[in-house]
Amino acid sequence: MFFFPLFDENATSRRPVIVWLIIAACVFAFFWQQSLDGIAAEVAIYQFGFVPAIVFQDETLPAEFIIVPSWATFITSMFLHGGWLHLGGNMLYLWIFGDNVEDSMGRGRFLVFYLLCGALAALAQGLIDPSSQVPMVGASGGIAGVLGAYLMLHPKAAVRCLFIVIVFFRFINLPAWLVLGGWIGLQFAAAPQSFSGDGGGVAYIAHIGGFLAGLALIPFFKKSHISLFDRGRPPKTWSGRPISFDEMKQDARKRFRRNTNQSMRSSIPSSKPGRPKGPWS
């Protein structure tokens, strides 16, 4: 049994330009990765991925492979991904929850917030094993920070989810606190695998570090008139009633039209063989 978020019902006052640019940059970087052959793709992961042993220890790449300084990989690693599912899942969560967080703080602050959460997430993962030579790539650390911020801002917001029980599924509305609380709960439950070295290539500690960074930083980055915890909004009652597919389509059209109107007013095969196995964040 699990639920998969599809979109929220939380309007914004402006276009999420930075969210769109981050998504575009990640997609562009991924297609660049896909254009490389096996060895070149593996080298690129080490060149731009976050490798704890290079950042914290005396390890280094051969001089001819060094493109950016080791400290810069805190940022560059956030734009590479390990496969289509890795990219798609990350971008979906950023698209659903990033617009409201960007709206709460403005574009410049949001970009700094996102990159800072991603860097702190990589730092948290690296501190577990500073001698690790496994490169970490993925936007999940920064996106985890966005999720933490969204939880602080809009815990009552309605999130449309695909709810799956074995072979049965339905569409339902769930509160953001349940969707995001369930997500971070799974990260904490899986975190011990990171310490045992059996994490399946997933950087759970980076997810937790980014999420906690988002929780801690949102009071300092949000605009002064923005309230936390949906203060001032009427309480919502969650019935959990099933939502028909036709109703889902209508709601999706409304969301698309809303975003389009705002814009007018304010004018992916699996990863290639030979690549290192994560950790993917």
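Only this structure's heavy atoms are used, side chains among them; waters, hydrogens and symmetry mates stay out. By convention here, the first residue in the shown sequence is residue 1.
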Taking atom [atom1] of [X] and atom [atom2] of [Y], what is their separation to the nearest 0.5 Å?
X: Leu87; Y: Gln33; atom1: CG; atom2: CD; answer: 9.0 Å
X: Thr73; Y: Tyr46; atom1: OG1; atom2: OH; answer: 13.0 Å
X: Ser227; Y: Met152; atom1: OG; atom2: CE; answer: 12.0 Å
X: Met78; Y: Leu80; atom1: CE; atom2: CG; answer: 11.0 Å
X: Asn173; Y: Leu178; atom1: CG; atom2: CG; answer: 11.5 Å
X: Leu151; Y: Phe211; atom1: CG; atom2: CZ; answer: 5.0 Å

Heavy-atom closest pair, residues [X] and [Y]:
X: Gly145; Y: Cys117; answer: CA-SG, 3.8 Å
X: Ala176; Y: His154; answer: CB-O, 3.3 Å
X: Ala121; Y: Gly141; answer: CB-CA, 3.4 Å
X: Ser70; Y: Val55; answer: O-CG2, 3.8 Å
X: Ser132; Y: Val51; answer: O-CG1, 3.8 Å
X: Ala124; Y: Gly209; answer: CB-CA, 4.1 Å

Inset, instruction - Determine, stepwise, if the pair Asp8 / Asn100 fulfils side-chain contact (heavy atoms from CB on, under 4.5 Å). - result: CA-CA 10 Å; Asp8 66 348; Asn100 294 102; 2.9 Å; yes
Side-chain contact test, heavy atoms from C-beta onward, threshold under 4.5 Å: evaluate it for [X] versus [Y] and give yes or no.
X: Ile143; Y: Tyr114; value: yes
X: Trp20; Y: Arg15; value: yes
X: Pro219; Y: Leu228; value: yes
X: Phe110; Y: Ile22; value: yes
X: Ile218; Y: Ser104; value: yes
X: Val159; Y: Leu180; value: no
X: Gln47; Y: Pro135; value: no
X: Arg107; Y: Arg14; value: yes

Inset, instruction - Give the intermediate values and the outcome of side-chain contact (heavy atoms from CB on, under 4.5 Å) for residues Ser140 and His86. - result: CA-CA 9 Å; Ser140 298; His86 188 208; 4.3 Å; yes
Legend entry - Residue list, ring-ring contact (aromatic ring centres under 6.0 Å, His included) with Phe221, at least two apart or on another chain: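 Per chain and number, Phe221 pairs via ring-ring contact (aromatic ring centres under 6.0 Å, His included) with Phe113.
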Would [X] and [Y] show up in the same hydrophobic cluster when neighbours are defined by side-chain heavy atoms closer than 4.5 Å?
X: Phe4; Y: Leu174; answer: yes
X: Leu147; Y: Leu186; answer: no
X: Leu115; Y: Val112; answer: yes
X: Leu21; Y: Met91; answer: yes
X: Phe97; Y: Leu162; answer: yes

Inset, instruction - Using modelled atom types only, decide if a donor and an acceptor are shared between the side chain of Glu102 and the backbone of Val19 within a distance under 3.5 Å. - result: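 Present.
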Inset, instruction - Indicate whether the side chain of Asn10 and that of Thr12 have a donor and an acceptor atom separated by less than 3.5 Å. - result: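 No - no donor-acceptor pair under 3.5 Å links their side chains.
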Legend entry - Between Asn90 and His81, a side-chain donor and acceptor under 3.5 Å: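 There is such a pair between these side chains.
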Inset, instruction - Report the C-alpha separation of Thr60 and Asp58 in whole Å, then their side-chain angles, then the decisive distance to 0.1 Å, and conclude whether the side chain to side chain donor-acceptor pair (under 3.5 Å) test is met. - result: CA-CA 6 Å; Thr60 185; Asp58 295 329; over 6 Å; no
Legend entry - Summary of side chain to side chain donor-acceptor pair (under 3.5 Å) pairs that have at least one residue in residues 180-192, sequence neighbours excluded: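 Every side chain to side chain donor-acceptor pair (under 3.5 Å) pair that includes a residue of residues 180-192, provided the two are not neighbours, is Gln187-His207.
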Legend entry - Aromatic ring pairing Phe50/Phe74, orientation class (parallel under 30°, perpendicular over 60°, tilted between):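 It falls in the tilted class, 30° to 60°.
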Legend entry - Non-neighbouring partners of Trp71 that pass side-chain contact (heavy atoms from CB on, under 4.5 Å), sequence neighbours left out: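 Once residues adjacent in sequence are excluded, the partners of Trp71 under the side-chain contact (heavy atoms from CB on, under 4.5 Å) criterion are Pro69.
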